[in-house]
K.L.:
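Can you read through this structure? Questions will come right after.
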Amino acid sequence: MLQNTGKLAGCTLFITGASRGIGKAIALKAAKDGANIVIAAKTAEPHPKLPGTIYTAAQEVEAAGGKALACVVDIRDEQQIGDAVQKAVDKFGGIDILVNNASAISLTGTLATPMKRVDLMLGINLRGTYLTSKLVIPHLLKSRSPHILNLSPPLNLNPIWFKNHTAYTMAKYGMSMCVLGMAEEFRGQIAVNALWPKTAIQTAAMDMLGGEGVAKQCRTADIMADAAYAVLTQPTDYTGHFLVDEDVLKGQGVQDFELYAVQPGHPLLPDFFLDEAPETLVQKMEEHGATPAFKPASSSATPPSAGPIESTFDVIRGVINEDVVKSTQGVYKFDLSGKFRGWDFVDVSVSGSGSAGQGEPALKADVIMTMDSGDFSKMFAGKLKPTMAFMSGKLRIKGDMTLAIKLEKLMNRMAKAKL
């Protein structure tokens, strides 16, 4: 696990939804440094099904070494947020860090999702995150090391993450779009990043989605707390990143992730919005005794719309090794149009061990290649040379042209692998 360094001592963190789960875990991690924690959540009285209140969380924060301020806050209510922000400033003298953790979820299709539930998700996830950020930012601008951290996923535009729960994805991606926009708007002033778990995290919400049997397939909230701590102790020029907890901690030298497992040695359930298709997640949950509360519309594996692109990345991942990383040394982002449009990446940078997948890369891309998805598959199959694609106008390149040429070595390896 990641050790505390004391860097958050005296800092004030405003954390939404901090009465339980990941939000509380982040609060307790910071409290060990002697931080001030504003617990902004709705639960003032014990809930019949959910553990903890803002007051029990405050007691735990103070027992861990921090100072706490418990505020009853529905982040859909501008007045309640404003009052909590003012109380925080009055008590602690300012706010240094905002963690937008509060979220609502309903994994239901369009026809099965009542508008009341749609409004709830958009109101908490999107509007609540935006509103809380808007009211806290004036105080962050006065801080010496201001951060905003949204617990939201990379913007993976693969349709498989929309088709079964469009409303939830829209709402959750709204949080991520706040990161995308505010990171640029306040670049040089406030660090704005997103953090998402690689695997399922044991929380009350996960228990409701997967039943009691899902816990053994999860990690504890401590892994997200440690990853958040690593991000929030970075300088303010570390901004605009869509981060995954395990990747962050590997970068900090953490190697033993069994310490975070609810049941060490048990297979783990990948989280949403990364590489595993929804149908695969359901299958894995059921294989190990969980009872998923959501069911994809189709029981088939990865849908046809992801087929050739995913197949390409399967081969890419198979040929990436230490030699490729040393000889290529770059992060490539592909902006694909056509039938299989979206963003994809290949990371063979010196700082990484080599990875490839859909969505935004964890590190800033050195080269951005824009092309049709059909040409993308042809290039990595050895049927279309990047130089010819560029000269014919099928490929547009932005960034380091030398790295673009080096990518041909990787493509040659793939051609030998008989894509």
Side-chain angles (χ1 to χ4, degrees), residues 11-31 35-62 64 66-105 116-117 119-140 143 146-152 171-172 174-175 178-179 182 190 192 195 203-205 221 224-225 228 232:
C11 292
T12 298
L13 288 76
F14 191 104
I15 307 176
T16 65
S19 59
R20 62 179 66 91
I22 295 172
K24 188 179 79 170
I26 294 173
L28 294 177
K29 180 71 175 179
N36 308 315
I37 310 295
V38 183
I39 300 164
K42 292 196 303 178
T43 310
E45 300 293 333
H47 191 281
K49 295 183 178 180
L50 301 174
T53 69
I54 57 174
Y55 303 112
T56 58
Q59 291 171 354
E60 291 183 58
V61 163
E62 294 183 345
K67 295 180 181 179
L69 173 64
C71 297
V72 177
V73 176
D74 181 338
I75 63 170
R76 294 170 293 175
D77 188 318
E78 185 173 359
Q79 185 64 50
Q80 288 186 18
I81 300 172
D83 289 346
V85 169
Q86 191 57 54
K87 288 178 183 177
V89 172
D90 291 343
K91 181 168 184 175
F92 299 125
I95 299 173
D96 303 290
I97 294 168
L98 169 63
V99 178
N100 285 308
N101 165 71
S103 186
I105 183 171
K116 183 177 180 180
R117 179 64 60 174
D119 291 340
L120 177 70
M121 290 189 286
L122 291 173
I124 293 176
N125 302 2
L126 171 54
R127 185 180 184 275
T129 295
Y130 183 91
L131 176 58
T132 305
S133 301
K134 177 181 174 65
L135 296 181
V136 172
I137 283 172
H139 302 285
L140 295 179
S143 171
H147 281 263
I148 295 176
L149 183 64
N150 292 357
L151 300 193
S152 61
K172 204 64 187 175
M175 297 177 70
C178 285
V179 171
M182 293 178 188
I190 302 172
V192 186
L195 180 64
T203 62
M224 285 291 283
L232 297 175

K.L.:
Side-chain donor-acceptor pair under 3.5 Å between T16 and N101, yes or no?
P.N.:
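Result is no, nothing qualifies.
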
K.L.:
Got a second to check how far Q80's CD is from D74's CG, nearest 0.5 Å?
P.N.:
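So the gap between those two atoms works out to 5.5 Å.
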
K.L.:
Of all heavy-atom pairs between I54 and V72, which one has the smallest distance, and what is that distance?
P.N.:
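That closest heavy-atom pairing would be CD1-CG2, 3.5 Å.
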
K.L.:
Is it the case that R20 and T53 place a side-chain donor and acceptor less than 3.5 Å from each other?
P.N.:
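There is no such pair (donor and acceptor under 3.5 Å, judged by atom type) between the side chains of R20 and T53.
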
K.L.:
For the backbone of G128 and the side chain of R76, can you confirm whether one donor and one acceptor N or O come within less than 3.5 Å of each other?
P.N.:
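Checked: no pair found.
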
K.L.:
What heavy-atom pair brings G21 and T203 nearest, and what distance separates the two atoms?
P.N.:
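So the minimum-distance heavy-atom pair works out to CA-CG2, 4.4 Å.
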
K.L.:
Would you compute the distance between atom CG of N36 and atom CG of D96 and round it to the nearest 0.5 angstrom?
P.N.:
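Rounded to the nearest 0.5 Å, the CG-CG separation comes out at 8.5 Å.
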
K.L.:
For Y55 and I39: C-alpha separation, side-chain torsions, deciding distance, then whether side chain to side chain contact (heavy atoms under 4.5 Å, CB included) applies.
P.N.:
CA-CA 9 Å; Y55 303 112; I39 300 164; over 6 Å; no

K.L.:
Indicate the atoms forming the closest heavy-atom contact of L151 with K172, along with that distance.
P.N.:
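For L151 and K172, the tightest heavy-atom pair comes out as O-NZ, 3.2 Å.
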
K.L.:
How far apart are the C-alpha atoms of N125 and L120, what are their side-chain angles, what is the distance that settles it, and do they pass the side chain to side chain contact (heavy atoms under 4.5 Å, CB included) test?
P.N.:
CA-CA 8 Å; N125 302 2; L120 177 70; over 6 Å; no

K.L.:
Any chance you could lay out the side chain to side chain contact (heavy atoms under 4.5 Å, CB included) test for L98 and T132, step after step, and finish with the verdict?
P.N.:
CA-CA 9 Å; L98 169 63; T132 305; 3.7 Å; yes

K.L.:
Which atom names give the shortest non-hydrogen contact between K67 and V61, and what distance separates them?
P.N.:
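Answer, listing the atom of K67 first, then V61: O-CG1, 3.9 Å.
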
K.L.:
Please tell me if the side chains of D83 and Q79 come closer than 4.5 Å, counting only heavy atoms from C-beta onward.
P.N.:
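The answer is yes, as the side chains (C-beta and beyond) meet within the 4.5 Å cut-off.
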
K.L.:
To the nearest 0.5 Å, how far apart are SG in C71 and NZ in K91?
P.N.:
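Interatomic distance, C71 SG to K91 NZ, rounded to 0.5 Å: 9.0 Å.
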
K.L.:
How long is the gap from OG on S143 to CD1 on I137, to the nearest 0.5 Å?
P.N.:
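If I round to the nearest 0.5 Å, the distance is 13.0 Å.
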
K.L.:
Do the non-hydrogen side-chain atoms of I97 and F14 ever get within less than 4.5 Å of each other?
P.N.:
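Side chain of I97 against side chain of F14, heavy atoms only: no contact under 4.5 Å found.
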
K.L.:
If we only count heavy atoms from C-beta on, is the L69 to K87 side-chain gap below 4.5 Å?
P.N.:
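In short, these two side chains touch, coming nearer than 4.5 Å.
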
K.L.:
Locate the shortest heavy-atom distance separating L140 from H147; write the atom from each residue and the value.
P.N.:
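Of all heavy-atom pairs spanning L140 and H147, the closest is CD1-O, 4.0 Å.
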
K.L.:
Does the pair K24/E60 count as a salt bridge with the N-to-O cut at 4.0 Å?
P.N.:
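Salt bridge between K24 and E60, a charged N being under 4.0 Å from a carboxylate O: yes.
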
K.L.:
Less than 4.5 Å apart, side chain to side chain, heavy atoms only: is that true for I15 and I37?
P.N.:
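Yes, at least one pair of side-chain atoms sits under 4.5 Å.
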
K.L.:
Minimum heavy-atom separation for H139 to L135, with atom names?
P.N.:
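So the minimum-distance heavy-atom pair works out to CD2-O, 3.7 Å.
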
K.L.:
Would you check if L195 and M224 make a side-chain contact, meaning some heavy-atom pair closer than 4.5 Å?
P.N.:
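Side-chain contact under 4.5 Å: yes.
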
K.L.:
Regarding N100 and S133, do their side chains bring together a donor and an acceptor under 3.5 Å, going by distance alone?
P.N.:
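A donor-acceptor contact under 3.5 Å links the two side chains.
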
K.L.:
To the nearest 0.5 angstrom, please state how far the CD1 atom of I124 sits from the CG atom of L131.
P.N.:
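Interatomic distance, I124 CD1 to L131 CG, rounded to 0.5 Å: 12.5 Å.
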
K.L.:
Is the count of non-hydrogen atoms from other residues, nucleotides or ligands lying under 6.0 Å from E78 atom CD greater than 12?
P.N.:
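Open.
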
K.L.:
Is there a side-chain contact between Y130 and M182, using heavy atoms and a 4.5 Å cut-off?
P.N.:
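A side-chain contact exists here, since the closest heavy-atom pair is under 4.5 Å.
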
K.L.:
Are any side-chain N or O atoms of N150 and backbone N or O atoms of C178, one a donor and one an acceptor, separated by less than 3.5 Å?
P.N.:
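Not at all, since once roles are kept as given, no pair shorter than 3.5 Å links the two residues.
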
K.L.:
So how far is it from Q86 CD to I81 CD1, rounded to the nearest 0.5 Å?
P.N.:
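That separation rounds to 14.0 Å.
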
